[in-house]
Amino acid sequence: MLDLRKLEALVAVMETGSFSRAAEKIHLTQPTISGHIKALEEYFGLRLFDRHTRAVLPTRAARILYEYARKLLFLYREMEREMAYFRGEKTGKLDLGGSTIPGHYLLPRLIASFRKVYPGISVFLKVGDTGEIIDRVREGELELGMVGAREEDPELEFKPCCEDEIILIAPPDYSVSPVSLEELPHLPLIAREPGSGTWKTVLRVLEKAGLDTAQIRLVAEMGSTEAVKQAVKAGLGVAFVSQRAVEEEVARGELRILPLKDLHIRRHFFLVYPARRTLSPPAQAFLNFQESQLQS
């Protein structure tokens, strides 16, 4: 029998490249994932994955089925949201996304407060870079996201929700004299990956201030804020990070802030959600709750 749970297993395997990681992603056991894939192969009479090597290699049939499965799962989630909207329920599951800074430093506390008001709503939080979270909201895998940069897309709504300041950090034994725009290209700089909202904001502000960012001396690129902080502590270089992300380390003297001369880097965080789809009651409740928290 063909059902959505089996298709969800296929999508998870295709996107993670592994039966074990797929099991973790959708909270099933690996034997269950294997069983679902075998059932699909028997249903269609086709081999979907080549298991003769250590890697899980999808066949051409699996790639085609994957595209249809994603569309079916999207339509199913949309149907569930529409029906829940008419029931006016404040229960269920909310799939929420956050880029690195909101995902690690803002949303966990907000979710805890939200759950006190709406105990019937369970929240799944996916943390990724800004580009990934926006893509997942666009594709319908996440209903809401909080990110550090916006894109021009008529299918998405970006609503400013709070402010952030980006600062320059250094090891504790570094000189604290103010850094001018002209001095920045001479510093060993550790950057976040290209999809990072923090890094996009830094480049935009520096270019607007008149700095040729091609002159920046990059010594490393890291995939997370935590990796950046550890690299700075180890003396690899200096880095631009959210002030929210280093408050504890600065207070303990593990990192220090390098003041920037005549330059302040501030940005908004945005809630991103579909512009043309009805939000589910849990998602709408979270959106309203976040707005009320901001006002208070």
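Values reported hereafter were calculated over all heavy atoms of this structure, with side chains retained and with hydrogens, waters and symmetry mates removed. Throughout, residue positions are numbered sequentially from 1 according to the sequence presented.
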Would you call [X] and [Y] a salt bridge, using N to O less than 4.0 angstrom?
X      : Y      : result
Lys25  : Glu8   : no
Arg70  : Glu67  : yes
Lys229 : Glu249 : yes
Arg47  : Glu41  : no
Arg266 : Asp164 : no
Arg244 : Glu165 : no
Glu248 : Arg252 : yes

Under 4.5 Å between side-chain heavy atoms, counting indirect links through other Ile/Leu/Val/Met/Phe/Trp/Tyr residues: same cluster for [X] and [Y] or not?
X      : Y      : answer
Leu187 : Leu236 : no
Phe124 : Phe286 : no
Val246 : Val232 : yes
Trp199 : Leu206 : yes
Leu144 : Tyr105 : yes

Identify the heavy atoms of [X] and [Y] that sit nearest to each other, and give their distance.
X      : Y      : result
Phe74  : Glu139 : CD1-O, 3.3 Å
Leu125 : Gly103 : CD2-O, 3.7 Å
Glu132 : Lys126 : OE2-CE, 3.2 Å
Gly145 : Val137 : N-CG2, 4.0 Å
Tyr118 : Ala285 : CZ-CB, 3.9 Å
Ala231 : Met222 : CB-CE, 3.6 Å

Is a side-chain N or O of [X] found less than 3.5 angstrom from the main chain of [Y], in a donor-acceptor match?
X      : Y      : value
Glu143 : Ser280 : yes
Thr59  : Leu48  : yes
Thr16  : Ala12  : yes
Arg21  : Val13  : no

State, without any angle test, whether [X] and [Y] hold a side-chain donor-acceptor pair at a distance under 3.5 Å.
X      : Y      : answer
Thr201 : Thr198 : no
Ser196 : Asp129 : no
Ser20  : Gln30  : no
Arg267 : Ser242 : no
Tyr66  : Glu15  : yes

- [ ] Dump the intermediate steps for side chain to side chain contact (heavy atoms under 4.5 Å, CB included) on Arg138 and Asp153, then the final yes or no.
- [x] CA-CA 9 Å; Arg138 183 185 292 114; Asp153 187 335; 2.7 Å; yes

TODO: Report the distance from atom NE2 of His36 to atom NZ of Lys6, rounding to the nearest 0.5 Å.
DONE: 6.0 Å

Open item on the list: With salt bridge (Lys or Arg N to Asp or Glu O under 4.0 Å) as the criterion, how do Glu221 and Arg192 come out once you've worked through the C-alpha distance, each side chain's angles and the decisive distance to 0.1 Å?
Closed with: CA-CA 5 Å; Glu221 186 177 283; Arg192 283 287 309 281; over 6 Å; no

Task: Asn288 atom CG, neighbour heavy-atom count above 12 within 6.0 Å - done: yes

Open item on the list: Taking OH in Tyr68 as the centre, count heavy atoms belonging to other residues, nucleotides or ligands within less than 6.0 Å. Is the count above 12?
Closed with: no

